[in-house]
Amino acid sequence: MGFARMPTNSESLQQAVLQQVNAIPRGSVSSYGRIASAIGYPSHSRFVGTVLKALPANTQIPWHRVVNSQGKSSFPLGSPAYQEQKQRLEVEGVPMLNGKIDKGFMV
DNA sequence: GTAATGACCAGGC
DNA sequence: AGCCTGGCCATTA
C-alpha cells in the first residue's frame, strides 16, 4: 500500500513558504523567521532562505519583501541582488538605508 | 554514508 | 551600534 506522502516533506513546506511570501502585502516586509513560524515550523528560518534562493530570476514571488529579523537585507551591500531589493522596496514606499529597513514596515 | 554550506536567529558581550 | 557563539536543519558536495 502506498503511503500517502506525509505533510512534512520539503515539497509541501516549500509551497507553504511561497504561499506565505506571496501573502506579504505591498509596502510591507516580513522576515525569514516570521515566515517559518507562520507555516508552523519556527526552527526552519534557514529553509525559508533556501527556498527563496532557488527561485528563478523571473519569478513573480515578492522575495524582496523578505529580510532578516533585524530588518536587514541578506545580500551584501552594493551587490546586484541588493540593488534590486532596495529599488523594489523603495518603489513600494519602503526606504532602505545601508541595507536596512525600518522595522515599522514589518508585518 | 559523512562533512560542509547557508537569502537565519537569539543571546551575550 | 557591532562582533562572536551556539543552535538550527534542508541542501549540497
Side-chain angles (χ1 to χ4, degrees):
Chain A
M1 50 211 289
F3 286 100
R5 282 192 225 248
M6 296 263 81
T8 61
N9 64 71
S10 63
E11 289 224 352
S12 352
L13 285 186
Q14 185 178 28
Q15 292 307 318
V17 167
L18 296 181
Q19 184 176 345
Q20 281 299 320
V21 175
N22 227 0
I24 305 172
R26 202 157 65 72
S28 295
V29 175
S30 188
S31 76
Y32 301 89
R34 286 290 299 275
I35 303 290
S37 296
I39 67 177
Y41 291 81
S43 66
H44 285 56
S45 53
R46 297 192 93 130
F47 178 71
V48 174
T50 303
V51 171
L52 294 189
K53 184 177 188 179
L55 288 174
N58 61 358
T59 186
Q60 304 281 11
I61 305 288
W63 55 267
H64 59 282
R65 297 183 189 145
V66 184
V67 296
N68 70 21
S69 64
Q70 314 168 58
K72 281 191 18 170
S73 168
S74 298
F75 305 107
L77 262 70
S79 68
Y82 167 81
Q83 301 280 7
E84 182 70 22
Q85 183 170 36
K86 172 182 164 77
Q87 182 180 4
R88 288 197 192 187
L89 284 177
E90 292 186 341
V91 164
E92 301 183 353
V94 182
M96 175 174 282
L97 263 57
N98 294 324
K100 189 166 72 176
I101 60 97
D102 192 294
K103 280 181 158 187
F105 289 99
M106 295 226 238
V107 188

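All heavy atoms count here, side chains included; hydrogens, waters and symmetry mates do not. As the structure is a computational prediction, the values presented were derived from the model and not from experiment. Here is how names work: the chains are called A, B, and so on, in the same order as the sequence lines, proteins then strands, and each is numbered from 1.
A:Leu55 is linked by a side chain to side chain contact (heavy atoms under 4.5 Å, CB included) to A:Leu18, A:Leu52, A:Thr59, A:Ile61, A:Trp63, counting only residues two or more places apart in sequence or in another chain.
Counting to the nearest Å, the C1' atom of B:dA7 and the CD1 atom of A:Ile61 are 15 Å from each other. Atoms OH (A:Tyr41) and C1' (C:dG7) sit 19 Å apart, rounded to a whole Å. Straight-line distance from the CD atom of A:Gln14 to the C1' atom of C:dT11: 12 Å, rounded to whole Å. Between the CZ atom of A:Phe75 and the P atom of B:dG6 there is a distance of 14 Å, rounded to whole Å. When rounded to the nearest whole Å, the span between NZ of A:Lys72 and P of C:dA1 equals 9 Å. Taking atom NE2 of A:His44 as the reference point, atom C1' of C:dG7 lies 14 Å away to the nearest angstrom. Between the P atom of B:dA7 and the CG atom of A:Leu77 lies a distance of 16 Å, rounded to the nearest Å.
Atom CZ of A:Arg88 has more than 12 neighbouring heavy atoms from other residues, nucleotides or ligands inside a 6.0 Å radius.
The gap from the C1' atom of B:dG6 to that of C:dC8 amounts to 12 Å, rounded to the nearest Å.
Between A:Lys53 and the phosphate of B:dT5, there is no side-chain N or O to OP1/OP2 separation shorter than 4.0 Å. Close to B:dG6, at under 4.0 Å from its OP1 or OP2, lies no side-chain N or O of A:Thr50.
No side-chain heavy atom of A:Val21 sits less than 4.5 Å from a side-chain heavy atom of A:Arg65.
Just one residue in the list A:Ser30, A:Pro95, A:Ser28 forms a side chain to side chain contact (heavy atoms under 4.5 Å, CB included) with A:Phe105, and that residue is A:Pro95.
At the heavy-atom level, A:Lys100 lies under 4.0 Å from the strands shown only through sugar-phosphate atoms.
Between A:Gln83 atom CD and A:Ser73 atom OG the span is 10.0 Å, to the nearest 0.5 Å. Distance OG/A:Ser74 to OH/A:Tyr82: 12.5 Å, rounded to 0.5 Å.
Not a single donor-acceptor pair under 3.5 Å links the side chain of A:Lys100 to the backbone N or O of A:Lys72.
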- Item | B/S/- contact track for nucleotides 8-13 of chain B, protein heavy atom under 4.0 Å | BSS---
